[in-house]
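Below, chains carry the letters A, B, ... as their sequence lines are ordered, and counting in each starts from 1. All values below were derived from every heavy atom in this structure, side-chain atoms included, with hydrogens, water molecules and symmetry-related copies excluded.
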Amino acid sequence: MPDKSKGREADHPWNVIYLLVAGALVLEITAFAILGWIYR
Amino acid sequence: VSLLDWIVLLGTLVVIVGYGVWKTRGTQDMAGYLRGGNQVKWHTIGLSVMATQASAITFLSTPGQAYQDGMRFIQFYFGMPLAMIVLSIIFLPRYFNLRVYTAYEFLESRFDRKTRQLTAFLFLLQRGLSAGITIYAPAIIVSSMLGWSLRLTCLGIGGVVILYTVLGGQKAVSQTQQQQMMIMLAGMVVAFIVVLLRLPPEISFGNALHIAGALGKLDALDFSADPTTRYTLWSGLLGGFFLSLSYFGTDQSQVQRYLGAQSLAASRFGLLFNGFLKIPMQALILFIGVMVFMFYQFNAPPIFFNQSELARAKLTPYAHALTSLEAKHADAFTHKQAELWKLDHALDRQDPELIATSIVKVRAAEAATAQVRAETKATITRALPNANTKDADYIFLTFVMRNLPRGLVGLLLVVILFAAMSSVAGELSALSSTTLVDFYRRSFRPLASDAHYVNVAKFFTAGWGILAVLFATYASMLDNLIQAVNILGSLFYGTVLGIFLVAFSGRTVRGTSVCLAALVAEGLVIALFVGTQVSFLWYNVIGCLAVVIFARIFEVFFPRRKIAGASST
């Protein structure tokens, strides 16, 4: 059976997606720091 | 529980489970039964991974934890998005290239049969135990609050899960998990809106946040480097990273969720979707707990949230002491409320000096109520030496039962039952596939027909389900439930992850060395657990690194007699 997944793999900009997920984490931690600082 | 709640509860249950069974009927081949026929879409995987992880304990304990301890538990999840990225890059392509049924199958292609079966055995041991806890933990809370029989509750949750997991296999599990997760998310949003509406109208949302912050509930980050502090930024990032890597990458109850994906890309998207959404979702649940705390700043809370335990203690000679403590608690509450209103006015007037002095008084008043609660717990322990005095797990459900409108109580009960069911379903299907693929098919009946394996898988699913229900029925009272399950997991997770990391890092280390290293590492982790106060999140890091290091060392000591991998065919 031909592996269709390989063709699709290349269609996705994985590095950009990984950076988005990691970036979201940084933003979330920053948001918690700000929340704790404002309402301390 | 009103009639309307029962209708919502049973109606949702029957519709979701019935639809799942109906939609996945007639699965006959092994790939279909164990992997969902490799047709699962990314959003189903995403929700199914989320539903497997989110047990009923998540919804019951987490708001209670925020009520008592604030938002700091969120740090536990910080390592997860990073782990999802590493899993997508390193783990997933390897599993997909070999089209394995279980994660442990991969280990034989790299090492040998004993490494595969040792790791699979560790999984069966740990997951087999926690499947019982996953049923027991919510059952004890729900049954004691609603006056249901504990055994019947365990049997009810377990029975329904066994039914649809046996009938439909992995397809039915992911199909129902998807719907269940959507209902759980909707239920939490509803709970959030209700708790906000129940706050006194005179208090603005901003002031509520200021008061919660003044009482330390919004302090999410802890930068302390003390390894005995349970949740810090560092233990969350590093320990949480290793724990998530192990849980999502090597625990079959999660691996099975994405092995059935229609493509590698779909499984990656499913995992990254979780990495993206998990922290906001947990933050919402914790924040609901903080708002429940705020609700109980202006509405008298019970002195002890586990009311049935309190009632039992009142049947002893300590009844009088408890009644007078309740009166003391009521006085302390009235005093605290007066101070809270003063703080609210100070906040409205934006008078920094007045705010500062009011905060000091509010904190003192809160400490006084906490003192009365501590005395109550001590009295309950004297009255009932075996009593469980941790009532955090009862806080959220107490709020729900007393303050949600009819119908919505039923919805929140559905959320809790679905959370339990979706986790147990994931666990049972994984326990069954591991028993079948890594032991039965590998060592006992390697060449049987697909139909035979599907029947055996059904038998194992039912068997593990019955064991879990029996374990749940006879489980004794555990400490704080969510932490007990996590600690149990953390004793094995680091070691198992270490084995996989050695497998991924080239072909220099052989099976015997990695098995010995795993035994040494597990011994080390157990020694840390028994002999030190090191926080459990660090076991994941230490166990994993110990396997990687000792495997290399043993490889030097054991001379290479035959070509590596010769036994793995």
Side-chain angles (χ1 to χ4, degrees), chain A, chain B residues 38 70-72 74-75 77-86 88-89 92-93 96-97 99 206-223 233 236-237 241 261-269 271-280 282-283 286-287 290 359:
Chain A
M1 200 174 80
D3 188 359
K4 282 188 271 177
S5 64
K6 289 215 169 118
R8 282 191 213 134
E9 278 308 283
D11 298 340
H12 301 294
W14 289 112
N15 289 340
V16 177
I17 296 167
Y18 297 148
L19 269 176
L20 276 175
V21 174
L25 172 68
V26 174
L27 280 181
E28 281 156 354
I29 295 179
T30 314
F32 287 120
I34 294 172
L35 184 81
W37 185 76
I38 294 177
Y39 300 110
R40 64 193 184 278
Chain B
N38 296 113
M71 300 277 293
R72 72 192 53 181
I74 195 71
Q75 298 173 112
Y77 296 97
F78 284 171
M80 186 181 147
L82 302 175
M84 293 311 199
I85 295 171
V86 173
S88 297
I89 296 172
L92 268 52
F96 270 80
N97 277 344
R99 277 286 168 201
N207 283 6
L209 286 180
H210 271 292
I211 296 170
L215 292 170
K217 303 297 174 192
L218 296 179
D219 220 0
L221 303 185
D222 184 338
F223 296 94
L233 182 63
L237 275 173
F241 170 75
Q262 54 182 197
S263 66
L264 173 59
S267 66
R268 278 179 170 160
F269 276 126
L271 281 187
L272 292 170
F273 166 81
N274 272 271
F276 202 73
L277 269 192
K278 186 72 185 180
I279 295 176
Q282 289 298 325
L286 283 165
F287 195 69
V290 172
I359 284 178

**Study point:** Interatomic spacing from OH in B:Tyr77 to CD in A:Glu28 - rounded to 0.5 Å
**Key:** 13.5 Å
Point to revise | Toward chain A, the part of B:Leu209 with a non-hydrogen atom under 4.5 Å | key: both
Point to revise | Over 12 foreign heavy atoms within 6.0 Å of OH, A:Tyr18 | key: yes
Practice item. Check ring-ring contact (aromatic ring centres under 6.0 Å, His included) between B:Phe241 and all other residues, then give those that pass, not counting sequence neighbours. Key: none
Review point. So which part of B:Ile89 gets closer than 4.5 Å to some heavy atom of chain A, the side chain, the backbone, both or neither?
Key: both
Check your understanding: For B:Met71, is it the side chain, the backbone, both or neither that has a heavy atom under 4.5 Å from a heavy atom of chain A?
Key -> side chain
Check your understanding: Which of the residues B:Ile211, B:Ile359, B:Ile74, B:Leu215 is involved in the greatest number of heavy-atom pairs with chain A at under 4.5 angstrom?
Key -> B:Ile74
Check your understanding: Looking at B:Ser88, B:Gly216, B:Gly70, which one has more heavy-atom pairs under 4.5 Å with chain A than the rest?
Key -> B:Ser88
Point to revise | B:Ile85 side chain near A:Trp14 side chain, heavy-atom distance below 4.5 Å | key: no
Revision key, fill the gap. All heavy atoms of B:Gly275 vs all of A:Val21, minimum pair found to be C-CG1, 4.4 Å
Point to revise | Pairing residues for B:Leu237 by the side chain to side chain contact (heavy atoms under 4.5 Å, CB included) criterion, not counting sequence neighbours | key: A:Leu25, A:Ile29, B:Phe78, B:Leu82, B:Leu233
Check your understanding: side chain to side chain contact (heavy atoms under 4.5 Å, CB included) with A:Phe32: which of B:Leu218, B:Ile279, B:Asp219?
Key -> B:Ile279
Practice item. Assign the ring pair B:Phe269 / A:His12 to parallel, tilted or perpendicular, where the plane angle (0 to 90°) is split at 30° and 60°. Key: perpendicular
